[in-house]
Amino acid sequence: QVQLVESGGGLVQPGGSLRLSCAASGRSLSGSAAAWFRQAPGKDREYVAGFSRTGGYTYYRDSVKGRFTISRDSGKNTLYLQMNSLKPEDTAVYYCAAGARVITSQLRNHGAYDYWGQGTQVTVSS
C-alpha cells in the first residue's frame with residue numbers, strides 16, 4: 001500500500017507560481033509511474049504531467065508545457081509540481097497518483113493508477 005498526501009495548493013493571482021508536493025509513505029515511488037492529475041468543477045479528471053515507471057519518459061499536457069515542471073526526490077519519496085505563469089484555467093483540484101503497473105501507453109489514463117492522494121485546491125484568480 002502507498003499513501004499519498006498532497007500539499008502546497010492555494011489562491012494565487014494570474015501569472016503567479018505555486019509548488020505542489022506529494023509525500024509518499026508505505027512504499028517507495030521508485031519503479032512506479034507517478035503523475036499529477038487535476039479536476040475542475042463539472043469537468044473530467046485530466047492528466048497534467050508524470051513520469052513513467054523507469055523515469056525515462058516524462059509527459060506534459062500541451063496546455064502546461066513550458067509553465068509546469070514535474071520532479072521527484074527519491075530520498076524524500078516525494079513528487080513535486082512546480083507551476084509558473086498560472087492562468088485562471090489552471091484552477092482545479094490537483095491530485096497525485098502512483099501505480100507500479102502503469103505502462104507507458106497508459107500514463108495519461110487515470111484508471112490505470114492504483115494510489116491517489118486526497119487532492120489540493122489550486123485557485124487562480126485576481
Side-chain angles (χ1 to χ4, degrees):
Q1 289 289 334
V2 178
Q3 292 77 44
L4 303 173
V5 179
E6 302 99 334
S7 61
L11 173 64
V12 63
Q13 293 186 342
S17 298
L18 283 173
R19 187 194 194 203
L20 304 184
S21 299
C22 173
S25 61
R27 178 176 172 176
S28 172
L29 288 178
S30 297
S32 294
W36 289 96
F37 288 79
R38 67 186 181 187
Q39 188 166 18
K43 295 188 176 181
D44 293 334
R45 189 168 297 191
E46 62 183 21
Y47 186 92
V48 177
F51 289 108
S52 62
R53 284 183 296 176
T54 64
Y57 182 78
T58 305
Y59 175 80
Y60 295 91
R61 71 180 301 106
D62 287 345
S63 61
V64 308
K65 284 180 181 177
R67 300 189 298 121
F68 290 13
T69 303
I70 189 171
S71 62
R72 58 186 172 188
D73 185 328
S74 296
K76 294 182 178 180
N77 208 24
T78 299
L79 186 71
Y80 301 99
L81 185 68
Q82 177 67 44
M83 305 186 295
N84 299 328
S85 302
L86 281 161
K87 304 176 181 180
E89 51 264 41
D90 295 317
T91 295
V93 177
Y94 284 70
Y95 300 89
C96 66
R101 299 172 294 176
V102 183
I103 59 176
T104 303
S105 63
Q106 292 294 314
L107 284 176
R108 287 165 271 183
N109 178 6
H110 62 80
Y113 292 81
D114 296 317
Y115 305 106
W116 290 86
Q118 82 288 352
T120 186
Q121 176 70 47
V122 171
T123 302
V124 185
S125 175
S126 55

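- For the pair Tyr95 and Gln118, the minimum side-chain heavy-atom distance is 4.5 Å or more.
- Leu11 has its side chain within reach of Ser125: a pair of non-hydrogen atoms, C-beta onward, lies under 4.5 Å apart.
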Passes side-chain contact (heavy atoms from CB on, under 4.5 Å), Thr120 versus Leu20? Steps please.
-> CA-CA 8 Å; Thr120 186; Leu20 304 184; 4.0 Å; yes
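- Residues Ala34 and Ile70 approach most closely at O-CD1, 4.2 Å, considering heavy atoms.
- Leu79 is not connected to Val5 by any chain of hydrophobic side-chain contacts under 4.5 Å among Ile, Leu, Val, Met, Phe, Trp and Tyr, and they are in different clusters.
- Atoms CZ and OG, from Arg19 and Ser71 in turn, are 6.0 Å apart once rounded to the nearest 0.5 Å.
- The two residues Leu81 and Ala49 have their closest heavy-atom pair at CD1-CB, 4.3 Å.
- Environment of CZ in Arg45: crowded, with over 12 heavy atoms of neighbouring residues, nucleotides or ligands closer than 6.0 Å.
- Note that OG of Ser52 and CD of Gln106 are 14.0 Å apart. Values are rounded to the nearest 0.5 Å.
- Close placement of the Tyr47 and Tyr59 rings is indicated, their centers lying within 6.0 Å of each other.
- A salt bridge links Lys65 to Asp62: one of the charged nitrogens lies within less than 4.0 Å of a carboxylate oxygen.
- Hydrophobic clustering, with ILVMFWY side chains joined whenever heavy atoms are under 4.5 angstrom apart, groups Val64 together with Leu18.
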Stepwise side chain to side chain donor-acceptor pair (under 3.5 Å) test for Asn84 and Ser17 = CA-CA 4 Å; Asn84 299 328; Ser17 298; 2.9 Å; yes
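- For Pro14 against Ser126, the heavy-atom pair with the smallest separation is CD-N, 3.7 Å.
- For the pair Gln39 and Asp44, the minimum side-chain heavy-atom distance is 4.5 Å or more.
- For the pair Arg72 and Tyr80, the cation-pi criterion (under 6.0 Å, within 45° of the ring axis) is not fulfilled.
- By the 4.5 Å heavy-atom criterion applied to side chains, Glu46 and Arg38 are counted as neighbours.
- At least one donor-acceptor pair under 3.5 Å links the side chain of Arg67 to the backbone N or O of Ser63.
- With hydrogens and angles disregarded, a donor-acceptor distance shorter than 3.5 Å links the side chain of Thr91 to the backbone of Val124.
- Within a 6.0 Å sphere centred on CD of Glu89, other residues, nucleotides and ligands contribute more than 12 heavy atoms.
- The two residues Leu29 and Ala98 have their closest heavy-atom pair at CD2-CB, 3.8 Å.
- When side chains are defined from C-beta on, Met83 counts as touching Tyr94, because their heavy atoms get closer than 4.5 Å.
- Of all non-hydrogen atoms in Leu4 and Ala24, the two that sit nearest each other are CD2-CB, 3.7 Å.
- Checking side-chain atoms of Tyr113 against main-chain N and O of Leu107 turns up a donor-acceptor pair under 3.5 Å.
- In this structure the side chain of Arg53 reaches within 4.5 angstrom of the side chain of Ile103, judged on heavy atoms.
- What you find for Gly119 and Val93 is that their closest heavy atoms are CA-CG1, 3.8 Å.
- The cationic group of Arg61 does not satisfy the cation-pi geometry with Trp36, failing either the under 6.0 Å distance to the six-membered ring centre or the 45° limit from the ring axis.
- Put simply, OG1 on Thr123 and CD on Gln13 are 13.0 Å apart, with the number rounded to the nearest 0.5 Å.
- For the pair Glu6 (side chain) and Cys96 (backbone), a donor-acceptor distance under 3.5 Å is present.
- Within the 4.5 Å cutoff, the side chain of Val48 has heavy atoms near those of the Phe68 side chain.
- Remark: side-chain polar atoms of Asp90 are paired, donor with acceptor, to backbone N or O of Lys87 under 3.5 angstrom.
- In this pair, Phe37 and Trp116 present their aromatic rings tilted. The plane angle is within the 30 to 60° band.
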